[in-house]
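Heads up: the structure comes next, in structure tokens.
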Amino acid sequence: MPELPEVETVKNFLSSNFNGKRIQKIKIINKKLRYEIKPNISKYFINLIITKIYRRGKYLILLFENNYTLLIHLGMTGYFRILDKENLIKHDHLIFYFKSKILVFNDIRKFGFVKIYRPDEVLKSQHLIKIGPEPLSKEYDLNYFKHKSKRKTNIKNLLMNQYFVAGLGNIYCSEILFDAEINPKKNCNNLKPEQMKRIILSTKKILTKAIKFGGTTIKNFIVSNEKIGYFKNELKVYGKEHSHCVRCKKVYKIKKILQNGRSTFFCSNCQR
DNA sequence: AGGGCTACCTGTACGC
DNA sequence: TGCGTACAGGTAGCCC
């Protein structure tokens, strides 16, 4: 599920609720996620305060006062719930007990994970060492794009590649390319600088707007009762095959195709 | 080397 | 109602 705007929303939600808060107890319900949760996880974090919560790409990093970190990925269906009292449901895997709140990690498909790292190790971990720049940073600019887009694939797959730029997923790649008026099948070797510029600007514009709306709710993106997920109403092409294009107004021009086994949505009339 | 395919897991929607 | 199939926002490891 969660792409950069959703993970950013989760980060803000966790920060506002648990930054500076002390974990009293941790309970593993099911350790078998993508990677096994260390059975001795309590040993690292019990009675310690969360000092800062970061996001890098689609990853969450929780920093504790003893300098150990939790690296968390939500996979496709991972999410957090806050409870007043323990009230578990199917696919709850990990519980953090605070003084007055309980934080539960739930993940139906178990593609997510929770790993323990020393702070000097987490950025050098296999997950973070090779990923590309943050799309909202100054580093992701025309100069970067020119030098790193000399690839033998199409622009959709390039944007999906976390080593090229971190945090974009299947929804936002379609939305970004629609906004930039670029055909997702276009070979990234053939992009003109002017088109690269449009992709960069659209990336920043769409992500910024999506974060402002609290990300996109599709199925499993639940963050307690917070007002989130309203970018779903702002989607222009994702999940809208056979619709008319909101830009060129031609009917039935939103097509769904497969690229690298994933659905791509685009306007076959105005994305060139 | 890097790009494509597949596996991982569970739920849902749909056709028959 | 039930069964089989396809598909769903993710990554990573294998293969060529």
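In what follows, every chain begins at residue 1, and chains take the letters A, B, ... in the order their sequences are listed.
- Between A:Gln259 atom CD and C:dG10 atom P the separation is 14 Å, expressed in whole Å.
- Contacts of A:Arg151 with the nucleic acid, taken as non-hydrogen atoms under 4.0 Å apart, involve only primed sugar atoms and P, OP1 or OP2.
- Of the candidate nucleotides C:dA8, C:dG10, B:dC5, C:dG10 has the atom nearest to the side chain of A:Arg34.
- Stacking between A:Phe111 and the base of B:dC9 is absent under the criterion of ring centres within 5.5 Å and planes under 30 degrees.
- Side-chain N or O atoms of A:Arg55 include none that pairs as donor or acceptor with a backbone N or O of A:Asn12 at under 3.5 Å.
- Distance A:Ile108 CD1 to C:dG10 P: 16 Å, rounded to the nearest Å.
- Nucleic acid contact class of A:Lys90 (heavy atoms, under 4.0 Å, all strands): sugar-phosphate only.
- Atom P of nucleotide B:dC5 and atom CG of A:Asn161 are separated by 15 Å, given to the nearest angstrom.
- Aromatic ring orientation, A:Tyr140 versus A:Phe145: tilted (interplanar angle from 30° to 60°).
- Checking the phosphate oxygens (OP1, OP2) of B:dG2, no side-chain nitrogen or oxygen of A:Lys152 falls inside 4.0 Å.
- Among the heavy atoms of the strands, none lies under 4.0 Å from A:Lys130.
- Comparing B:dT6 with C:dA6, their P atoms are spaced 13 Å from each other, to the whole Å.
- Contact check, A:Lys156 against B:dG4: no side-chain N or O comes under 4.0 Å of OP1 or OP2.
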(request) Test A:Leu191 against A:Ile199 for side chain to side chain contact (heavy atoms under 4.5 Å, CB included), laying out the working first. (result) CA-CA 10 Å; A:Leu191 287 169; A:Ile199 293 168; 4.0 Å; yes
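- Across the protein-nucleic acid pair, A:Leu158 atom CG and B:dG4 atom C1' stand 15 Å apart, rounded to whole Å.
- Rounded to a whole Å, the NE2 atom of A:His93 is 13 Å from the C1' atom of B:dC8.
- In this structure, the nucleotide among B:dG4, C:dA12, C:dA8 sitting nearest to the side chain of A:Asn157 is B:dG4.
- Rounded to whole Å, the distance from NZ on A:Lys185 to P on B:dG4 is 15 Å.
- Using the six-membered ring where Trp is involved, A:Tyr35 and A:Phe113 have ring planes that are perpendicular, over 60° apart on the 30 and 60° scheme.
- B:dC9 makes up no base pair with any nucleotide shown, lacking Watson-Crick or G-U wobble contacts both under 3.5 Å.
- Of the candidate nucleotides C:dG13, B:dG3, B:dC9, C:dG13 has the atom lying nearest to any side-chain atom of A:Gln126.
- Taking the six-membered ring for Trp and thresholds of 30 and 60 degrees, A:Tyr117 and A:His127 have ring planes more than 60 degrees apart, a perpendicular arrangement.
- The phosphate of C:dA8 (OP1 or OP2) has no side-chain N or O of A:Asn170 nearer than 4.0 angstrom.
- A ring-centre distance under 6.0 Å is found for A:Phe18 and A:Phe98.
- Using a 4.0 Å heavy-atom distance criterion, A:Gly261 is classed as making no nucleic acid contact.
- Side-chain nitrogen and oxygen atoms of A:Lys110 include none within less than 4.0 Å of the OP1 or OP2 phosphate oxygen of B:dC8.
- A:His127 has a side-chain polar atom (N or O) that falls below the 4.0 Å cut-off from OP1 or OP2 of C:dA12.
- Using a 4.0 Å heavy-atom distance criterion, A:Asp107 is classed as making no nucleic acid contact.
- Between A:His73 and C:dA12 there is no side-chain polar atom (N or O) within less than 4.0 angstrom of OP1 or OP2.
- Under the 6.0 Å distance and 45° angle rule, A:Arg151 does not count as a cation-pi partner of A:Phe164.
- Residue A:Thr77 has no polar side-chain atom (N or O) positioned under 4.0 Å from OP1 or OP2 of B:dT10.
- Here A:Arg262 does not reach the OP1 or OP2 of B:dG4: none of its side-chain N or O atoms lies under 4.0 Å away.
- In this structure, of B:dT10, C:dC7, C:dG10, it is C:dG10 that holds the atom nearest to the side chain of A:Met160.
- Distances from the side chain of A:Tyr59 to the nucleotides C:dA8, C:dG10, C:dA12 place C:dA12 closest.
- Taking atom P on both nucleotides, B:dC5 is separated from C:dC7 by 15 Å, rounded to a whole Å.
- A close approach under 4.0 Å does occur between a side-chain nitrogen or oxygen of A:Ser263 and OP1 or OP2 of C:dA8.
- Residue A:Tyr35 is in sugar-phosphate contact alone, with no base atom involved, counting any heavy-atom pair closer than 4.0 Å across all strands shown.
- Nucleotide C:dG10 holds its P atom 18 Å from the CD1 atom of A:Ile72, rounded to whole Å.
- As a whole-Å value, the separation of A:Met76 CE from C:dT11 C1' is 10 Å.
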